[in-house]
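A short write-up of the structure that comes next.
Hydrogens, waters and symmetry mates play no part in the numbers below; they use all other heavy atoms, side chains included. Keep in mind the model is a prediction, meaning the values are calculated, not measured.
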Amino acid sequence: MNAHPALGLVDTIAAQLADPETMPCGSRTLSLDRQHLAYGPPGIALLHIELAANGLGPWHRAHDWLTAASRQPLTSGPDSHPFYGVPAFAHALSCAADHLPGSYHRALDAMDAQITVDVGRRLDAAHRRIDARRLPQLAEFDAIRGLTGYGAYLLRRSPGSSTTRAVLDYCVRLTEPITHHGETLPGWWAETGPSGSPDDRFPGGHANTGMAHGIGGVLALLALAARDGSVTDGHHAALHTILAWLDRWKEEVDGGPVWPYWVTQGELRSWHLAPSAPRRPSWCYGTAGLARAEQLAALALGDTRRQIAAEKALVAALTAPEQLKATTDNGLCHGFAGLAHVATRTADDAHPSTAEKLRAAIPALLAAVMPPGTDPELTATALIQDEEGGPGFLDGAAGIALTLLASSTAAPPRSAWDACLLIA
């Protein structure tokens, strides 16, 4: 019997996901989502990699899932992105290679070469777009499909490379204002809705603030790079530009500051946010992810006042009944597992005046994921078979298990599985 109750559920999820050949409800995972980090084998491999790196599981399970992902040629070029195809597989493979000296290096070298080519093409297109004074698509720069996500991988694999520097240069340029139809807009203003498609609810487009699809992810990447010593021309000015934008649109709700998911053209012109119901403070959108990004930026800039303010904002969000009521699932992306993991990562870097308050908020979040008296077998089965979440990483059982494992070991993850989320 494991000493920490969460490990029982982690072990059970891992056991039910031990073998891709016998996994329950595995048809979509092993077909349509085979190359997808969020839903498919690469993300499930991350769970087994982290367990093996902690000495809590066998490496062959991770290898089996990596093999399942790569059984057919992986997608590269314009149809791939950080969560799909070669880049997604490379993230998982590099997490394993970090703990298995001499393993997977030839494959990683080949994938890194392909990623360098693909990033170069994306950067060329992005700079041509900026030169033409056109607005970006969210997929050009975001963390899931765009250059920010590539930057997260490159920062870990080759922080001093010219390609990493070029991505950071692009992120700096993205923060420069752009004039479109005579109106001055932030450089990350998208002409579409948040889905990336034209949307009648967003006439004139929007400025997305989220970690997954907006400027929050860019802020986090630039902050992580600065903390790592990878600083490019205009780097700190770009950080200040994003922070000033977020300061402008921050509101006080439930006794603490919250950031909007996005700003519309009407709101920009009136300089006033439209009223909205309380929104969940998730990783992908909202206060949790943005508070971590703000904290990382404050640490990079040596701004203790902003650091403490960001940490207090997260504490307030994690204890605000109305915001928690809006959180309705357990996943990593926008559920309680994600809140717990963001809180854990933020607490690890927190100022002494706020660290314990952050840690004190975590047990209730974990209890929402795994209520007292939870039966590991029944819960694991329900999570894996859930139509919305399923077995995968971003919304499903593998991501939830990774979060529970991180909280139960009382230490940062041994592998870099959460680097793709830009929170560490």
Side-chain angles (χ1 to χ4, degrees), residues 135-144 148 174-175 177-220 240-294 297 306 309-310 312-329 333-335 338-339 342:
L135 297 176
Q137 297 290 322
L138 295 175
E140 175 187 292
F141 67 85
D142 75 12
I144 302 292
T148 299
L174 186 71
T175 66
I178 190 166
T179 301
H180 184 71
H181 296 325
E183 189 168 18
T184 300
L185 302 168
W188 59 91
W189 189 277
E191 208 164 14
T192 65
S195 69
S197 301
D199 190 328
D200 292 342
R201 295 170 300 171
F202 293 86
H206 76 296
N208 197 298
T209 62
M211 286 283 280
H213 299 298
I215 200 62
V218 180
L219 176 66
H240 284 296
T241 295
I242 301 170
L243 291 169
W245 173 267
L246 294 174
D247 285 348
R248 170 62 190 82
W249 295 103
K250 181 171 61 177
E251 293 187 309
E252 286 288 324
V253 177
D254 281 344
V258 299
W259 289 273
Y261 285 9
W262 45 67
V263 175
T264 66
Q265 188 178 59
E267 290 168 337
L268 180 68
R269 288 172 175 172
S270 68
W271 282 89
H272 183 71
L273 289 170
S276 68
R279 288 172 166 163
R280 59 192 178 197
S282 54
W283 164 76
C284 54
Y285 278 104
T287 300
L290 285 171
R292 174 59 168 164
E294 287 247 351
R306 182 179 290 277
K312 286 182 175 179
L314 182 54
V315 171
L318 297 181
T319 55
E322 291 302 313
Q323 293 186 58
L324 293 177
K325 191 184 298 182
T327 304
T328 57
D329 73 272
C333 183
H334 44 256
L339 294 182
V342 171

Using a cut-off of 6.0 Å, state whether more than 12 heavy atoms not belonging to K250 lie near its atom NZ.
yes
Excluding sequence neighbours, so at least two apart, what forms salt bridge (charged side-chain N to carboxylate O under 4.0 Å, His left out) with E322?
K325
Is T209 reaching over with its side chain to a backbone N or O of P260, donor-acceptor style, under 3.5 angstrom?
yes
Just wondering, do P194 and H206 contact through their side chains at under 4.5 Å, heavy atoms?
yes
For T327, side chain to side chain donor-acceptor pair (under 3.5 Å) partners two or more places apart:
none
Quick one: closest heavy-atom pair of A293 and G216, and the distance?
CB-O, 3.8 Å
Report the residues that fulfil side chain to side chain contact (heavy atoms under 4.5 Å, CB included) with S270, sequence neighbours left out, ordered by chain and then residue number.
H272
Work out which heavy atom in T184 is nearest to a heavy atom in P177; give both atom names and the distance.
CG2-CB, 4.0 Å
Got a sec, which residues hit salt bridge (charged side-chain N to carboxylate O under 4.0 Å, His left out) with R248, two or more places apart in sequence or on another chain?
none
Tell me, with the steps shown, if I144 and L138 meet side-chain contact (heavy atoms from CB on, under 4.5 Å).
CA-CA 10 Å; I144 302 292; L138 295 175; over 6 Å; no
Could you name each residue pair satisfying salt bridge (Lys or Arg N to Asp or Glu O under 4.0 Å) that touches residues 261-278, not counting sequence neighbours?
E183-R269
Partners meeting side chain to side chain contact (heavy atoms under 4.5 Å, CB included) with S195 (sequence neighbours left out):
S197
Side chain to side chain contact (heavy atoms under 4.5 Å, CB included) filter on A139, not counting sequence neighbours, yields R145
Return each pair, listed once, that meets salt bridge (Lys or Arg N to Asp or Glu O under 4.0 Å) where at least one residue sits in residues 192-211; pairs must be two or more places apart or across chains.
D199-R201
If we only count heavy atoms from C-beta on, is the T148 to D142 side-chain gap below 4.5 Å?
no
What's the separation between atom CZ in R306 and atom CG in L243, rounded to the nearest 0.5 Å?
4.5 Å
For the residue pair A317 and T287, what are the closest heavy atoms and their distance?
CB-CG2, 3.8 Å
Taken in chain and number order and not counting sequence neighbours, the residues that satisfy side chain to side chain contact (heavy atoms under 4.5 Å, CB included) with L314 are A288, A291, L318, V342, T346, L358
For Q137, all residues meeting side chain to side chain donor-acceptor pair (under 3.5 Å), sequence neighbours excluded:
none
Only pairs at least two apart or in different chains count here, so list each side chain to side chain donor-acceptor pair (under 3.5 Å) that has a residue in residues 185-194.
H180-E191
Closest heavy-atom contact between A297 and L219?
CB-CD1, 3.8 Å
Working to the nearest 0.5 angstrom, can you tell me the gap between T175 OG1 and W245 CH2?
12.5 Å
Which pairs would a plain distance check flag for residues 273-285, meaning a side-chain donor or acceptor within less than 3.5 Å of a matching protein atom at least two apart in sequence or in another chain?
unit_1 : atom_1 : unit_2 : atom_2 : d
S282   : OG     : Y285   : N      : 3.3
S282   : OG     : Y285   : O      : 2.6
W283   : NE1    : L421   : O      : 2.9
Y285   : OH     : N208   : ND2    : 2.9

Heavy atoms of Q323 and V253 approach each other most closely as NE2-O, 4.3 Å
I need the minimum non-hydrogen distance between F141 and I215, along with the two atoms involved.
CE1-N, 4.3 Å
